[in-house]
Amino acid sequence: MTVIYNGRKYAFAFAITTLFTRRCSFCTTNVSTDSGNFILRKVKPSSSQIARYTNEAIFKNKTRSHWKAVVGLEVHAQITSTSKLFSGAGTEFGAPVNTNVSLFDAAIPGTLPVLNRRCVEAGVLTALALSCRVNPVSVFDRKHYFYADLPAGYQITQHRLPLAQEGELEFHVFIPDVHHKPYIKKSCIKQLQLEQDSGKLLHDEEACRSLVDLSRAGIPLMELVFEPDLEDGEEAAALVKELILILQCLGTCSCKMEEGALRVDANVSVHREGEPLGVRSEVKNIGSIRAVAHAVKYEIDRQVRTLESGGVVVNETRAWDTDSRQTVPMRDKEEKQDYRYMPEPNLPPLRVLLNGQHAIPDIKKDCVNVDCLRRKLPELPRETREKLINQYGISAESAVILVNENNLLKHFYGIMGEKKSRDPKLSTNILIMELLTILNKNKLSLETSPFSSYSLGEVVDLLQSKKVNLVTARKLLQEIVSGNPQSPSEMVEKYGWAQITDSSEIEDVCTAVIEQNPRLVEQFCAGKTKVFNSLVGKVAKITENRANMALVVKVLRDKLSKIQNS
C-alpha cells in the first residue's frame, strides 16, 4: 500500500498485498516477505505552514477571571493480559517487529475474532472501582477509518452500548508549591468501553518511507471517556494520577506511559463567563502525567491569546511537542468524519451476570459474574487515604503524598507495623520531609534504594526517645541512603552522635558562650533580640549539633534574662 502525505492528511493511492514478517499464533510457521514494499511517501508541508506553527511565541499565562476553561479527558488504558483482545497473539512490550501477530490481527480473510475473557473481567473490575453502572448486555461495533497500520480498515470497539456507563472518579488536587491544602474534585465518567488498538508505523526519514509493525494491532484497550468538567491542567493531571493508582491497585493496567500502556487525549475549550462554550481542540496521545498538566495549560493559554487578539479558535486535533513544550496542529475537524459505525457481525452481544442473576447451566461457566468480581475489589486509594487520616491521625496532605508514592506508603506501613508505639506523624515527617529531600539531593529514587523499613523505624525510635536530635537523624538517613550496613544505633554509638541532654553540661556550654561573646550579649540586652539565634548557633557549633536545642534555648533565655535584670 502506498500512501501520499500532503502535510496534514493521508491519501491512499493504490493498494497491494500487505507484506511483512509475522509469527502466526495459530501455527508455528514463520511467514517472511519483503516489508520494504510497504511504503509511506511523505511530502513536506509548505514553508508558510511551518512558519505558522513554529513562529508562535509561548503565551505567558496571566490571571484572567473573565475567561473560563473547560477540559474533558479520554484515556486509553492497555489491559494487562498475556494475549490480545480477539486473538491468541502475545502482548509483551518490546518484542521484535511483527512477531506478536496472528492471522486475525493481519486481517487475513476468513479469520474470526474470539473475545478474551480476561479483558472483559478487567473492564468490569475497573468499572466497579469507578462506580460505573455495568450494562448486562453490551455490543461491539466496527469503526471504519483507513490508516496504514489498520489492516482490516476498521477497529472493533463499543460505540452504541458500551460495557459500563455513568461512573465517577473522586480525586485530590494538591501541588505543594501551588496549593496550601488539597481539595477534592469529582469528574463524571460517560462510559467505559473495550476496543482493540491499531498497529504502529516506523518512520524512516532518510529513506522517506514508513514500515508497518502489527505487533500492537489488536492489543486490548479500555477507553474511559470523562465528561468535560475539569478547569485546568493541574486538575487533569491529578485525575490521571488517581486513575493510574486505581488501575495499578486493581492490576488491570500497568500504566507505564513510557511504553504507551496509558495514553491521554484532552479536549480543551475556553469561553467568557456567562457565555456559551467555546470551540474545542483535542490534544492527542499525551504521554506523561506532567505533560498532561503542561499540554492543557498551554492549550488554554493559546486559545485565550487567540481570542483576545481577535482570532478564531479552530476545531482541530493537535499534538503535544515535548521539546518545544507547545501543542502543534495535526489535522482539522471542520468536516465531521463519518466512521460508518455498524454492528460487528462476528461477535454476539456480550452478556454478564448482575445482582445474583443465574445463567443457563450450559453457559454459566462462560459468563462473567459481576458480583464475584465486586467481592474481589481491593482497598482503593481513596479508602487508603481515609484510613491513614482516621486510623493514624496524619494530615490530609501527608495522606495524599503517601498514597501517591506507593513505595513510601510501604515504608510507612513497615515502620508502623513493627512498633505500635511509634508516632505516626513523626514517622510521616521523617519519610516525606527528610527522606525524600535526601533522595532528591542524591538524585536517587525509592524504587532503586536498597534500605529497609526497619532502619527507618530505628531512626524514628531514636528521635522519638530523644536519643538523637533532628540534625543527627538527617545524618543517619544520609548514611542509610548511602548504603552504610550498620544499624542507626550502631552508628550513633560509633560516631558519638548521641544527643546531649544533661542539663548541667548544657548550662556549662551556654555559660561559656555568653562569656566569649560579650558584644552579642550587650546587643541582646539593648533590645536586639535577633542576636539570640547567633548565640544558639554558637552552642550548636560547640556541641557539634548534638545538644538538645529545646533545652539550650531555655537555658540561654534564663541566663540572659538574669543578666538583663541585674
Specify whether H144 and Y154 have parallel, tilted or perpendicular ring planes, treating 30° as the upper limit for parallel and 60° as the lower limit for perpendicular.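 Judged by the thresholds at 30° and 60°, the geometry between H144 and Y154 is tilted.
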Residues in ring-ring contact (aromatic ring centres under 6.0 Å, His included) with H411, at least two apart? F451
[X] and [Y] ion-paired at < 4.0 Å:
{"X": "E242", "Y": "R385", "answer": "yes"}
{"X": "R290", "Y": "E234", "answer": "yes"}
{"X": "E299", "Y": "R302", "answer": "yes"}
{"X": "K143", "Y": "E195", "answer": "no"}
{"X": "D301", "Y": "K297", "answer": "yes"}

Side chains of Q193 and T157: is there a donor and an acceptor less than 3.5 Å apart?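 Yes - a donor-acceptor pair under 3.5 Å links their side chains.
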Under a 3.5 Å cutoff, is there a donor and acceptor pairing between the side chains of T252 and T126?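 T252 vs T126: donor-acceptor pair found between side chains.
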Heavy-atom pair with the smallest gap, counting every atom of L377 and L128: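 Where L377 meets L128 most closely, the heavy atoms are CD1-CB, 4.0 Å.
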Which pairs pass ring pair (Phe, Tyr, Trp, His ring centres under 6.0 Å) with one or both residues in residues 236-276, sequence neighbours excluded? none
What ring pair (Phe, Tyr, Trp, His ring centres under 6.0 Å) pairs are there with at least one residue in residues 119-141, not counting sequence neighbours?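 Every ring pair (Phe, Tyr, Trp, His ring centres under 6.0 Å) pair that includes a residue of residues 119-141, provided the two are not neighbours, is F86-F140.
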Checking salt bridge (Lys or Arg N to Asp or Glu O under 4.0 Å) for the pair K190/E227: CA distance, chi angles, key distance, verdict? CA-CA 6 Å; K190 182 180 179 183; E227 296 288 357; 6.0 Å; no
Rounded to the nearest 0.5 Å, what separation is found between the CD atom of Q391 and the CD1 atom of I389?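 Reported value, rounded in 0.5 Å steps: 12.0 Å.
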